[in-house]
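Note sheet for the following structure.
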Amino acid sequence: MTEKTLPPVYAPEQVEEKWYRFWEEGGFFRTGVDPEKKPFCIVMPPPNVTGELHMGHALDNTLQDVLIRWRRMQGHAALWLPGTDHAGIATQARVEAMLAKEGMSRYDLGREKFLERVWSWKERYGNRITLQLRRLGASCDWDRERFTMDAGCSEAVKEVFLRLYDRGLIYRGSYIVNWCPQCRTVISDIEVEHKDTAGNLYYIKYPVKNQDRFVTIATTRPETMLGDTAVAVNPADERYGELIGQVVVLPLVGREIPVIADAHVETEFGTGALKVTPAHDPYDFEIGGRHNLPAVRVIDQDGRMTPEAGARYAGLDRWECRKQVVRDLEAQGLLVKVEDLSHAVGHCYRCDTVIEPLISKQWFVRMKPLAEPAINAAREGRVRFVPERFTKIYMHWLENIRDWCISRQLWWGHRIPVWYCSDCGETIASGREVRECPKCGSARVEQDPDVLDTWFSSALWPFSTLGWPGETADLKFFYPTSVLVTGRDIIFFWVARMIFMGLAFMEDVPFREVFIHGLVLDALGRKMSKSLGNGVDPIDVIESHGADSLRFMLVTGNTPGNDLRFNFEKLEGARNFINKLWNASRFVLMNLDPEGSRAAAPADRELSDRWILSRYREAVEKATAGLGAYELGEAARALYEFVWDEFCDWYVELAKPRLYRGTPGEAAAARAVLHEVLGGLLRLLHPFIPFVTEEIWSHLNKGGAPLIHQPWPEDTPGLKDPEAEEEMGLIIEIIRAVRHIRAQMSVPPGRRAALVLVAPEERVRRIIEKGKGYIEELAAGSVTLAAELTAKPAQAAHAVAAGVEIFVPLGGLVDMEKERVRLAKEIDTVEKELARVEGKLGNPGFLSKAPADVVAKERDKQVELSAKREALQNRRRMLGEQ
RNA sequence: GGGCGAUUAGCUCAGGGGGAGAGCGCUUGCCUUACAAGCAAGAUGUCGUAGGUUCAAAUCCUACAUCGCCCACCA
């Protein structure tokens with residue numbers, strides 16, 4: 001009776017919360033070390049604590065959840081370890097913005113108070129995204145939730161820093177770095193986004209000292225000329241040969257600077273003469289290093305000109321100064337021309353401000369020694385990318401890697417565990433607070449004010465979350481983790497760094513496989529972004545269509561590594577599918593044997609039962625294979641097709657007459673098979689759409705164990721029933737043909753028509769015999785057709801002669817004549833090829849001289865071709881010889 | 001400048017050496033006791049262009065074109 005209470009439309013909002021609570025509180029997501037089971041572990045890419053769930057997260061976490069739920073059902077110790085990232089710049093900026101509203105800056109509060117504010121902000125808002133992940137259905141082991149700045153992770157960060165420092169792989173130095181004047185911190189090379197920007201190329205004359213001539217240089221940044229300390233030309237450049245070693249007078253400044261030769265100067269670009277500003281250009285910095293040039297710093301940390309730029313310019317904003325310099329040059333007649341130029345300009349990935357290269361003292365990680373093992377690991381296949389092509393991108397980056405700048409001028413983050421003695425200048429790296437200098441005993445020691453790049457702690461995530469630097473059972477059991485699922489946008493930021501850190505500290509890769517997915521684009525194919533305002537909020541979607549619909553939409557039609565367009569039609573398609581499943585289940589539940597007798601002896605099964613069970617095996621096979629190959633979209637699609645096109649459209653319809661009008665035995669058999677297949681389907685679909693399947697399961701298996709812990713259906717290709725599949729396949733074709741006749745040709749009841757079956761006669765008779773009932777049922781009203789079913793065109797003609805007016809060749813809804821021609825051609829080519837192979841094999845010279853494997857290959861080919869020829873000839877026979 | 005991906009039905013996309021696929025949209029007919037978020041029947045494609053390999057190419061190879069992405073110190 002309760003079955004009747006199931007509404008005809010599935011209402012996700014009424015069940016999702018209930019089931020999530022049931023799973024979480026029931027401890028169904030919990031996993032620990034279990035030597036009886038195989039470990040399967042995914043460490044979640046930690047979303048920013050400041051974050052709100054966006055479509056990218058939804059996709060990433062859906063894929064992970066599908067894999068985890070699948071492996072859990074397969075009986076693995078499936079651990080999905082969640083957590084969040086402290087997101088240095090992002091979080092600090094968020095809290096600073098809050099302070100700004102109160103009219104304060106972090107400096108007003110001071111470091112300690114400010115950090116307190118950030119922590120309380122984190123306590124208050126930091127769990128937001130994890131709550132949103134729950135709504136998506138993410139089956140993480142929340143008891144193990146971690147944070148990149150919790151005690152354990154902080155311990156790991158310190159330990160790694162100190163060990164790298166001891167190994168000489170971390171050093172401090174003055175280098176030119178990418179400075180963001182807005183965020184007021186240095187950022188690493190990969191945090192700089194190069195954007196093509198429309199700019200100008202200014203041609204400026206530099207007078208040669210004591211001579212009446214000039215060198216004309218070209219620059220996009222005239223304001224930096226105030227810091228020039230040389231002009232460089234290519235030594236092979238004939239135009240400038242005699243100038244090398246001469247001195248030019250820097251306009252506006254009056255400084256005398258040398259003309260030097262450097263082989264890296266392009267002769268083609270601009271005038272071939274390059275102004276050298278070591279303090280404000282990475283390239284010039286290197287030239288400066290090679291030639292021992294002084295660096296004159298003319299721009300400060302706020303992007304303003306320094307006193308060294310000269311009184312006229314000091315204090316000006318860099319853009320203001322550019323205009324001023326150009327005006328001044330023009331006034332002095334030193335500006336030759338200005339050209340338009342589109343060139344790549346570095347922007348801050350966070351705030352989009354134009355990066356200012358500055359010389360600054362920072363901490364770096366020496367990358368070459370760390371990169372090498374990471375390259376080897378990929379080359380040797382110890383870590384495998386899916387899709388494969390991302391291996392190349394990863395390798396290319398590591399092969400050309402430069403040292404990693406890891407210090408950040410922020411307060412929120414892992415503070416660099418280094419102290420400096422202001423008396424003797426000693427640098428002390430330590431895991432503990434240092435109060436006095438171990439060298440001179442001075443108490444005037446101060447910790448480095450900077451913190452580490454956020455990605456430094458993320459790089460340790462796969463082992464810091466499992467208890468490193470302790471030697472935990474978790475580490476032994478779950479490390480290396482099974483797979484990393486992430487977007488291709490953070491291969492460098494994160495994936496590569498985890499790999500080299502894992503290799504450096506765990507002596508093994510952090511994960512065996514990296515499953516890369518693309519971006520979620522909007523309906524027009526654009527990146528979803530806040531500034532465009534084209535983002536779709538996953539929570540809105542969950543509220544309107546349910547989490548299962550969102551998940552299913554994200555998984556289907558998505559192939560590894562490729563972008564995915566979000567559109568509502570697809571979402572509706574997913575919802576409709578879920579509703580279809582819901583209704584098919586309603587049907588099964590309504591017809592369930594009230595006595596609960598489910599088992600039907602195989603003997604009671606009829607053709608359609610055998611058929612659907614066999615098709616079900618096929619679905620199991622495809623779903624399992626798809627999941628194993630990370631072809632989740634393919635797996636989901638196979639299930640979609642099975643549910644809709646086979647189970648609903650055919651089997652359920654074929655079961656109805658037996659349920660409604662059949663003998664008790666027939667009805668019981670149908671019920672049992674419906675129950676069995678639906679039960680299996682729910683398992684297969686559970687990883688993709690966990691809520692609705694668990695809900696249906698609870699009705700189907702009252703009082704039983706929940707679906708989430710049911711075993712995944714075994715892949716049993718041996719239980720397939722090819723005979724049933726073939727017979728049923730033909731019957732389905734017949735039914736479709738009969739319907740076609742009726743619909744297209746409007747056969748009124750009572751009028752006679754004939755179907756021509758393209759198959760050997762005795763088979764046709766058998767099929768017709770078996771399929772008669774089905775045909776009468778599903779092509780009702782056409783019953784008079786059944787008697788006329790016939791095997792050969794000739795007989796069809798006979799039927800026509802006997803007053804039958806319409807006939808349609810089956811399989812022959814295709815053009816029979818065209819088919820015959822095609823077949824003839826194919827047989828011809830196969831025969832030709834076969835003749836060639838047989839000729840070869842009949843040649844004693846070939847047999848005695850050719851290598852054994854070549855001969856074997858030819859023999860295989862012969863067998864294959866003969867089989868093919870036979871199949872083709874059979875088909876031709878079936879078409880009916882003329 | 002280098003690398004990668006895409007190009008298949010009106011739209012969004014799967015597939016992939018031998019008979020062109022799905023969803024949506026469209027046409028026609030249906031509220032048939034699971035479902036109108038549905039059922040049944042249909043129409044629609046020289047699979048970007050040009051070469052090559054092959055008995056056979058939408059599929060593999062090579063160029064090219066268009067779009068997109070990533071990397072890069074031509075100021």
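Sequence lines set the chain letters: A, B, ... in the order given, protein chains first and strands last, and positions in each chain run from 1.
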By the 4.0 Å heavy-atom rule, please label [X] as base, sugar-phosphate, or nothing.
X       : value
F492(A) : sugar-phosphate
R565(A) : sugar-phosphate
N567(A) : sugar-phosphate
T224(A) : nothing

Exercise for review: Answer yes or no: is there a side-chain heavy-atom contact under 4.5 Å between L250(A) and Y206(A)?
Suggested key: yes

Check your understanding: Going from CZ on F688(A) to CD1 on I578(A), what distance comes out if it is rounded to the nearest 0.5 angstrom?
Key -> 12.0 Å

**Study point:** side-chain contact (heavy atoms from CB on, under 4.5 Å) against D281(A), all qualifying residues, sequence neighbours excluded
**Key:** Y283(A), D284(A)

Distance-only polar pair, side chains of [X] and [Y], donor-acceptor under 3.5 Å:
X       : Y       : result
T556(A) : K570(A) : no
D262(A) : N234(A) : no
E339(A) : Y203(A) : yes

Point to revise | Charged N-O contact under 4.0 Å between R565(A) and D522(A) | key: no

**Study point:** Carboxylate-amine/guanidinium proximity below 4.0 Å for R221(A) and E356(A)
**Key:** yes

So, does [X] get its side chain near the phosphate of [N], meaning an N or O under 4.0 Å from OP1 or OP2?
X       : N      : value
R637(A) : A22(B) : no
W644(A) : C39(B) : yes
N400(A) : C71(B) : no

**Study point:** Set of side-chain hydrogen bond (donor to acceptor under 3.5 Å, both in side chains) partners for K527(A), sequence neighbours left out
**Key:** none

For nucleotides 1-3 of chain B, give me every protein contact, N/O to N/O, under 3.5 Å, one pair per line with atom names.
none

Practice item. Check RNA chain B for consecutive Watson-Crick or G-U pairs with both distances under 3.5 Å and list the runs of at least three as stems. Key: B:1-7 with B:65-71, B:10-13 with B:21-24, B:26-30 with B:38-42, B:48-52 with B:60-64

Practice item. If a pair satisfies salt bridge (Lys or Arg N to Asp or Glu O under 4.0 Å) and one of its residues is in residues 548-563 of chain A, list it, with sequence neighbours excluded. Key: D65(A)-R551(A), R488(A)-D563(A)

Review point. Reading nucleotides 25-34 of chain B from the 5' end, what letters show protein touch, with B for base, S for backbone sugar-phosphate only, - for no heavy atom under 4.0 Å?
Key: ---------B

Check your understanding: What interatomic distance, in whole Å, is found between P of U8(B) and the corresponding atom of U27(B)?
Key -> 25 Å

